[in-house]
Amino acid sequence: MIDPKNHTSFDNHEQVVFVGGEAQGYAGIIAIHSTAIGPAAGGCRIWDYDSADDALTDALRLSRGMTYKNAMADLPLGGGKAVIYRINTDRVDAFQKFGEAVEKLNGRYITAEDVGASVADMRAIAGRTSYVAGIPKEHGQAGGDPSPMTALGTFVSIKALLGGSVQGRTIAVQGVGNVGFNLCRLLSEEGAKLVVADVNKANLQRAEAFGVEIAPVDQIHAVKADVFAPCALGAGLNPKTIPELGAPIICGAANNQLATEADGQRLVERGITYAPDYVVNAGGIINVSAEYLGEAADVVEARVRAIAPRVLRVLDIAKSDSITPQAAADRIVREKLAAARKG
Ligand code: NAD
C-alpha cells in the first residue's frame, strides 16, 4: 500500500495506523489528522472498498474533514476517522480487536458509529476500550443515535436562511434515511411543503406520513424549491447538476457535497447560496461529543441550535470577502487551529 505521506490526500496527518491483519480477522486504518484542539474524534466506517488504497484515501480525507467539523462546532476535539475494509471473522470478535487497537492509542483517537456500523458494533468495541461513543445512555444523558441532532442542526439552518420560517416554503430533500427522515418531520411540523427522492422504497414510504411529493431520483436537484437539502451521498454538487439546480439555497446534511472546490465557485457564479456541509451537519458530532464527555442531554440541543447563526456568519464573511462559503469556513477553522497550536 502507498505510504500515507506520499498520498495526494495527505495533509500533515499526525498519525496513520494500519490496524488488524490476517490473524486478527479484520483490516482497517485509523487516521489521526489533528489533536491540536483535543483528542481526534470521528466515526468508524465499514465499507467494501475496491482496494486498500481507496480505504486510505477515505481515511485521510474523512479525518481531515472531522478536524474542520469539530473545530467549527467549537468542540474540544480534534479530527480522526477509522475505516474497516475487511472483516473475515465473527463481527463481534472483529470489533473487539478493533477496540483493542483504539485502546492502544491511549485516547488520542475516539471512535463512534459511521456508515456501515451499528450500536452493537460500538458495544463490542466498548468491551475493550472506553474511547468510544454512540452507545445509548441513561435517560437525561447525552448519547445514542446522532441523526436526530444532525437533522435539527440542518433544520434550524434552513429556517435561518429563509428568514426565520419554513411555513409554506418548498424544500427538496434528497435522501430520506436517518437524517432526511428526521429533517422532513421537523419541516412538516412547521408547515413546509416537501418534495423528496430516495433510491430506497421503504424509506420513501416511511416519509409519506408527512404528505410529501415524490420526485425521480435523478431530478430532485432540479426541483423548483426554496431550498435543496442533500441528505444522501457526497459529490452531488458537480458540473452536471449545478446548471440544473432548481433552488436558490442549498443546505443539507450530506458530507462532502461539493465534488471539487471549483464547484463552490460554480455555485457562486450561478448566484446560489451554499451553506457549507460541515458547518450545517455538526449536530451528530455535537451529540457524540457530549456523550463522550458525559454531559447531560439538554446541553446538546442549545449547541445544535447555535449552528444556524454560525452558518449565517460564514455566509456573511464569504460575501464581504468575495470568497466561496466553503473557503470562508475553512479559513475560520485554520485560524482556530493556528491559535490552538500557539497554545
Ligand atoms: P442513511 O444511510 O440513513 O440515509 C441516506 C439515504 O439516502 C438512504 O435512505 C439512501 O437510500 C438514500 N440514497 C442513497 N443514494 C441516493 C440517491 N442517489 N438519491 C436519493 N437518495 C439516495 O444516512 P444518514 O445517516 O441519514 O446520513 C445522510 C448523509 O448525512 C450522509 O452523507 C452522511 O454522511 C451525512 N451525515 C450524517 C450524520 C448522522 O448523524 N447520521 C451526521 C453528519 C453527516
Side-chain angles (χ1 to χ4, degrees), residues 41-47 58 61-63 65-66 68-70 72-73 75 77 79 81 83 112-119 122 133-134 136 142-155 157-158 172-186 194-208 210 212-223 228-238 240-241 244 250-259 275-291 300 303-304 307 311:
C44 175
R45 177 166 294 193
I46 325 300
W47 196 255
D58 225 16
R61 285 194 194 151
L62 292 168
S63 57
M66 289 312 298
Y68 279 66
K69 189 186 299 201
N70 294 342
M72 176 57 83
L75 297 173
L77 298 171
K81 199 88 180 183
V83 298
E113 281 137 323
D114 193 67
V115 177
S118 68
V119 170
M122 296 307 116
D145 178 9
S147 313
M149 284 299 140
T150 306
L152 178 64
T154 310
F155 169 70
S157 301
I158 291 174
V173 182
Q174 180 182 45
V176 284
N178 291 323
V179 178
F181 174 79
N182 281 294
L183 176 63
C184 286
R185 179 174 49 75
L186 294 166
L194 299 169
V195 185
V196 309
D198 200 300
V199 291
N200 179 315
K201 294 248 154 34
N203 284 357
L204 267 184
Q205 266 168 10
R206 192 176 59 157
E208 276 170 7
F210 306 124
V212 301
E213 189 185 314
I214 292 172
V217 164
D218 61 356
Q219 284 303 310
I220 186 72
H221 63 282
V223 165
F228 172 47
C231 295
L233 306 175
L237 304 174
N238 55 51
K240 185 189 173 295
T241 58
E244 300 169 355
I250 308 207
C251 179
N255 276 314
N256 304 322
Q257 291 170 30
L258 299 172
D277 44 17
Y278 73 81
V279 188
V280 172
N281 70 16
I285 192 72
I286 291 172
N287 196 58
V288 166
S289 158
E291 173 186 340
V300 175
R303 283 182 199 154
V304 174
I307 291 174
V311 167

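Just so it is clear, the values below take in all heavy atoms, side chains as well, and ignore hydrogens, waters and symmetry mates. First listed ligand is number 1; within each ligand, the first listed atom is number 1.
Residue Gly234 places no heavy atom under 4.0 Å from ligand 1.
Considering backbone and side-chain atoms together, Val115 places no N or O closer than 3.5 Å to any N or O of ligand 1. Not one N or O of Asn281 is nearer than 3.5 Å to an N or O of ligand 1, by distance alone. Ligand 1 has no N or O atom lying under 3.5 Å from any N or O atom of Gly284, backbone or side chain. When only interatomic distances are considered, the shortest N/O to N/O separation between Arg45 and ligand 1 does not fall below 3.5 Å. Checking only distances, Asn178 does come within under 3.5 Å of ligand 1, N or O to N or O.
Glu244 contributes no side-chain N or O that, together with a main-chain N or O of Thr241, makes up a donor-acceptor pair within less than 3.5 Å. Between the side chain of Asn287 and the backbone N or O of Met149 there is no donor-acceptor pair closer than 3.5 Å. A donor-acceptor pair under 3.5 Å is formed between the side chain of Asn238 and the backbone N or O of Ala235.
Here Val179 has heavy atoms under 4.0 Å from ligand 1 in both its backbone and its side chain. Contact annotation for Asp198 and ligand 1: heavy atoms of both the backbone and the side chain come within less than 4.0 Å of the ligand. With a 4.0 Å cut-off on non-hydrogen atoms, Asn255 touches ligand 1 through its backbone as well as its side chain. Contacts with ligand 1 closer than 4.0 Å are made by heavy atoms of both the backbone and the side chain of Ser147.
Residue, atom and distance of the protein heavy atom nearest to atom 5 (C) of ligand 1 are Cys231 O, 3.9 Å. Among all protein heavy atoms, the one lying closest to atom 4 (O) of ligand 1 is Gly177 CA, 3.2 Å. The nearest heavy-atom contact from the protein to atom 18 (N) of ligand 1 is Val217 CG1, 3.9 Å. At the shortest separation from atom 42 (C) of ligand 1 among protein heavy atoms lies Thr150 OG1, 3.3 Å.
When the options Gly283, Ala232, Gly252 are ranked by their closest heavy atom to atom 31 (C) of ligand 1, first place goes to Ala232. Atom 30 (O) of ligand 1 has its nearest heavy-atom neighbour, among Pro216, Ala253, Gly236, in Ala253.
In this structure, Gln257 and Ile250 have side chains that are in contact, with non-hydrogen atoms separated by less than 4.5 Å. With a 4.5 Å cut-off on side-chain heavy atoms, Val279 and Tyr68 do not count as touching. Put simply, the side chain of Leu62 reaches to within 4.5 Å of the side chain of Arg45, judged on heavy atoms.
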Determine, stepwise, if the pair Asp277 / Asn256 fulfils side chain to side chain donor-acceptor pair (under 3.5 Å). CA-CA 7 Å; Asp277 44 17; Asn256 304 322; over 6 Å; no
Yes or no on side chain to side chain contact (heavy atoms under 4.5 Å, CB included) for Phe181 and Asn203, after CA distance, side-chain angles and deciding distance? CA-CA 8 Å; Phe181 174 79; Asn203 284 357; over 6 Å; no
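Proximity to Asn200 (heavy-atom distance under 4.0 Å) selects the following atoms of ligand 1: 11 (O). Those atoms of ligand 1 that come under 4.0 Å of a heavy atom in Pro146, given as number and element, are 40 (O). Using a 4.0 Å cut-off to heavy atoms of Ala197, the atoms of ligand 1 that qualify are 20 (C), 21 (N). Ligand 1 places these atoms under 4.0 Å from at least one heavy atom of Gly175: 7 (O), 21 (N). Here is the list of ligand 1 atoms found below 4.0 Å of a heavy atom in Leu233: 15 (N). Shown in contact with Lys69 at under 4.0 Å from a heavy atom are these atoms of ligand 1, numbered in order with element: 43 (C). For ligand 1, the atoms closer than 4.0 angstrom to any heavy atom of Ala254 are 29 (C), 30 (O), 32 (O), 35 (C).
Expressed to the nearest 0.5 Å, how far CG of Asn178 lies from SG of Cys231 amounts to 11.0 Å. Taking CG from Asn255 and CG from Asn281, the interatomic distance works out to 5.0 Å, rounded to the nearest 0.5 Å.
Ion pair Asp114/Lys81 flagged as a salt bridge, since at least one NZ, NE, NH1 or NH2 atom sits closer than 4.0 Å to an Asp/Glu carboxylate oxygen.
In Arg61, the CZ atom is not crowded: 12 or fewer heavy atoms of neighbouring residues, nucleotides or ligands sit closer than 6.0 Å.
Distance remark: protein heavy atom not present below 4.0 angstrom from atom 2 (O) of ligand 1. Closer than 4.0 Å to atom 23 (O) of ligand 1 lies none of the heavy atoms of the protein.
For the pair Arg185 and Phe210, the cation does not sit on the ring face, since its NZ or CZ is not both under 6.0 Å from the ring centre and inside 45° of the axis.
Applying the side-chain contact (heavy atoms from CB on, under 4.5 Å) test between Pro216 and each of Ile220, Asp218, Ile214 identifies Asp218 as the sole match.
No side-chain donor-acceptor contact under 3.5 Å links His221 and Gln174.
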